[in-house]
Protein chains: 2
Amino acid sequence: MNALVLSNIKCGECPIRHRAVCSRCEGADLDILEKIKVYRSFKAGEQILWRGEAMDFVASVVHGVATLGKTLEDGRTQMVGLLLPSDFIGRPGRDRVEFDVVAASDVTLCCFERKPFENLLSVTPDLSKRLVEIALDELDAARDWMLLLGRKTAREKIATFIDMLIRRSSVEGLTAPHDALVLPLSREEIANYLGLTLETVSRQLSALKAQGILRFNDRRSFTVLSPDALHDITGNDCLH
Amino acid sequence: MNALVLSNIKCGECPIRHRAVCSRCEGADLDILEKIKVYRSFKAGEQILWRGEAMDFVASVVHGVATLGKTLEDGRTQMVGLLLPSDFIGRPGRDRVEFDVVAASDVTLCCFERKPFENLLSVTPDLSKRLVEIALDELDAARDWMLLLGRKTAREKIATFIDMLIRRSSVEGLTAPHDALVLPLSREEIANYLGLTLETVSRQLSALKAQGILRFNDRRSFTVLSPDALHDITGNDCLH
DNA sequence: CGGCAAACTTGACCCAGATCAAGGAATCGC
DNA sequence: GCGATTCCTTGATCTGGGTCAAGTTTGCCG
C-alpha cells in the first residue's frame, strides 16, 4: 500500500479512541502502540489493499469510509464489509488480504506494522480481548448481511441499509446539518453492498422519496421523514 | 436446551481433537476441560438452541451436522452457517444466541458450561488463541458466502456448495463407500443455505446429473464424475 | 461561463428463478 | 405388505429485478 504519511495525533486526543482496537489499553501498553503507529491517508477512490497482496500492516479507520470487496472471475463484485471510523482492517495470523480494500471517501488510517502488533497482542490481554470482540461483532454483522443478501427484496435491502446508517450515524459522523444523513457511498457502491444493480438502487430510493419516507437535499444527503415506516420496511423482526 | 446426556469419551480419543477449540490444549488445561465437559446428543430435526434464548453452554460438534439459521418476520429463512464436526457453537461474552441452531442429522455435542469456560479462556492463551482463529475463519467463510448469496447464479451456487462439500469431506466423514459424497442436508435445507427455493435446487442438481458431472446413488449420496468441470462452474477465480 | 465527463434517473423490455401445481419415490408405522 | 406421510422431481406460468438505452443533473476544468 502506498499512501501519504501524516504526522500523528496523540492517542489521548484520538476521535476513535473509545471504540477502536486500542480502547481497552492504558498506560504502558498505549505508549507502545503510540510508538509504533503511523498515520496514512488515502484519496477517495484509491485502493488501500489488493486481494492476495502481502499485508504488512493492520490499521484502524480514523476518518472516512472504506469498503471490503470480493470479485468473481468475470468481474461481478460484492461488497463484504463497510469500514467506518473505529473499524479495524487486518487479521493477525494471516499475511495476505482476502479481499480488496478501497477508500470510498478520503480516508485516514492509524497503521501498525503487523509483526510488532502481533507481538504486542500476545502479551497484552486488553488488546487481544478487544480484537476478539471486534471479530465476533463483525461475524454477527456478516450473518445479518447474509440474511439480507439471500432473502430480502430490493425494497427491504435499501430500507435496511438506511436503517443501519441511522443507527451508526450517531457515532460515526455521517450526519449533515439539520439531522440530515450523508450517504457514504455512490449508487453503484450501494448496489455492490446490497447485491443489486445501481439502477435498482436508484429506483428504490426514488420510490422511498415518492412515498414521503425520505427527502433528498442533494444526491448524497437526505432526511428520514418517517423512521418508523422505514423500519417497518426492513423486514427485521421485533427482537432488536 | 434439552437433550440426552451421554457418557463422555476421553479427550485423548476424541475424533475432533485435532481441529476443535481444544486442539492446542495439553496436560493440565486439557484435564480441566475434560472435567467440565458434558456430552449431549440430539435427534435429527431437533432444535438445539432458539434465537434469543439464554446461552448457558458453549460446545463443539463431535458427530453430525447442525445449522445456524435466521428468520424474517414473515417466515423467510436464511441459513447463515453449517456446523460440521469440530465446529464451535457459542460466543463467549454474549449470553444470548443470535440465531436458531438445529440438528440437521443426529448430533453429538461436547458441551462446556459457559461461565467456567470463559474463566478458563482468560487464563489459557492456547484456548483463546484457537478461539480467535476459529472466529476469524468463520468470518472469512461468511464473507465468501456473502459473495455467493449476492452475486452468484443458481448454477454457480450449487456448484460452489458441492465443491465445498468435497473440500471438507476429506476431513469430516461426509463420505459414503466408493468415494461417494453424502449430502448432509435436505433439498429444502440446501435451498435455505444458498438463498434459493427447493425447486431450483432440485432442478440444478438434475441438470448437473444430466450433464454427466454428478451421478446419484440415492437422493442423499452421489459421486462427482468431473470435479474440474464442477469447479469451473463455481465462478471462483483462480487464486485458491 | 460553457463544454464535457461522471453520476444519477427513468423508461422499455427480458429472463432467471420464484411460485403454483401435479405427480413420483423413498420411508415409516401398523 | 400397504396406506400415509414426507421428500423430491418436473412442468407451466409469473414477476422482481436485471439489462439496455436514453436523458438529466451535477460538478469540474479550461
Side-chain angles (χ1 to χ4, degrees), chain A residues 43-45 72 74-78 102 104-106 148-161 176 182-211 214-222 233 235, chain B residues 43-46 67 72 74-78 102 104-106 148-161 176 182-211 214-222 233 235:
Chain A
K43 287 274 151 212
L72 294 172
D74 64 359
R76 283 169 287 170
T77 67
Q78 175 65 51
V102 178
S105 65
D106 290 352
L148 175 144
L149 291 172
R151 295 301 183 195
K152 287 189 178 180
T153 64
R155 188 175 164 72
E156 290 167 335
K157 285 176 174 181
I158 293 282
T160 306
F161 175 65
V182 173
L183 284 176
L185 302 175
S186 70
R187 302 293 186 268
E188 185 172 15
E189 288 167 322
I190 296 171
N192 267 339
Y193 198 25
L194 299 176
L196 297 170
T197 59
L198 67 96
E199 292 94 329
T200 299
V201 170
S202 182
R203 275 187 257 269
Q204 294 296 334
L205 287 175
S206 298
L208 289 175
K209 190 172 79 177
Q211 291 177 271
L214 304 181
R215 183 179 49 223
F216 277 82
N217 306 315
D218 62 59
R219 285 169 170 180
R220 285 292 191 112
S221 98
F222 64 97
I233 301 172
Chain B
K43 288 272 152 214
E46 254 188 282
T67 65
L72 294 173
D74 64 359
R76 283 170 287 170
T77 67
Q78 174 65 50
V102 178
S105 65
D106 291 352
L148 175 145
L149 291 172
R151 295 301 183 194
K152 287 190 177 180
T153 64
R155 188 175 163 73
E156 290 168 336
K157 286 176 173 182
I158 293 283
T160 306
F161 175 65
V182 173
L183 283 176
L185 303 175
S186 69
R187 302 292 185 268
E188 185 172 15
E189 289 168 321
I190 296 171
N192 267 337
Y193 198 25
L194 299 177
L196 297 171
T197 59
L198 68 95
E199 293 94 329
T200 299
V201 170
S202 182
R203 275 187 255 269
Q204 293 296 334
L205 286 175
S206 298
L208 289 175
K209 190 172 78 179
Q211 291 177 271
L214 303 180
R215 182 178 49 223
F216 277 83
N217 307 316
D218 63 59
R219 286 168 170 185
R220 287 291 193 112
S221 97
F222 64 96
I233 301 172

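Lettering of chains follows the sequences in order, A, B, ..., and the numbering in each one begins at 1.
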Do Leu205(A) and Arg187(A) pass the side chain to side chain contact (heavy atoms under 4.5 Å, CB included) test, and can you show the C-alpha distance, the side-chain angles, and the key distance before you say yes or no? CA-CA 10 Å; Leu205(A) 287 175; Arg187(A) 302 293 186 268; 3.5 Å; yes
Set out, in order, the CA-CA distance, both residues' side-chain angles and the distance that settles side chain to side chain contact (heavy atoms under 4.5 Å, CB included) for Leu194(A) and Thr200(A), then state yes or no. CA-CA 10 Å; Leu194(A) 299 176; Thr200(A) 299; over 6 Å; no
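You can see that DNA chain C meets the heavy atoms of chain B within a 4.0 Å-exclusive cut from dG17(C) to dA25(C), reading 5' to 3'.
For residues 148-157 of chain B, every residue pair satisfying the salt bridge (Lys or Arg N to Asp or Glu O under 4.0 Å) rule, not counting sequence neighbours, is listed here: Arg76(A)-Glu156(B).
Between the OG atom of Ser186(A) and the CZ atom of Arg219(A) there is a distance of 11.0 Å, given to the nearest 0.5 Å. From Ile158(A), atom CD1 reaches atom OH of Tyr193(A) across 12.5 Å, with rounding to the nearest 0.5 Å. For the atom pair Leu198(B) CG and Glu188(B) CD, the distance stands at 6.0 Å (nearest 0.5 Å). A distance of 5.0 Å separates CZ in Phe161(B) from CG in Leu185(B), rounded to the nearest 0.5 Å. Once rounded to the nearest 0.5 Å, the distance linking OG1 of Thr197(B) with CZ of Arg203(B) reads 7.0 Å. Note that the CD1 atom of Ile190(B) and the CD atom of Gln204(B) stand 12.0 Å from one another [nearest 0.5 Å].
Whole-Å rounding puts the Glu189(B) CD to dT6(D) C1' distance at 13 Å. Computed from coordinates, the Ile158(B) CD1 to dT9(D) P distance equals 10 Å when rounded to whole Å. Taking atom CG of residue Leu183(B) and atom P of nucleotide dC7(D), one finds them 15 Å apart after rounding to whole Å. Rounded to whole Å, atom P of dG16(D) lies 17 Å from atom CZ of Arg151(A). Taking atom CG of Leu149(A) as the reference point, atom P of dG17(D) lies 13 Å away to the nearest angstrom.
Remark: the backbone N or O of Leu183(A) is paired with a side-chain donor or acceptor of Arg220(A) at under 3.5 angstrom. Of the possible donor and acceptor atoms, none in the side chain of Asn192(A) sits under 3.5 Å from a partner among the backbone N and O of Gln78(A).
Val102(A) is not listed as a side-chain neighbour of Glu189(A), based on a closest heavy-atom distance of 4.5 Å or more.
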For nucleotides 22-28 of chain D, give me every protein contact, N/O to N/O, under 3.5 Å, one pair per line with atom names.
residue, atom, partner, partner atom, Å
dT25(D), O2, Arg219(A), NH2, 3.0

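Residue-level contact check: Arg76(B) touches neither bases nor backbone, having no heavy atom under 4.0 Å from any strand.
Listed in residue order, the members of residues 194-203 of chain B having a heavy atom less than 4.0 Å from DNA chain D are Leu198(B), Glu199(B), Ser202(B), Arg203(B).
Computed from C1' positions of five pairs at each end, the angle between the two local axes of the helix from dC1(C)-dG30(D) to dC30(C)-dG1(D) equals 40°, rounded to 10 degrees.
When the side-chain contact (heavy atoms from CB on, under 4.5 Å) test is applied to Lys209(A), the partners found at least two apart in sequence or on another chain are Phe216(A).
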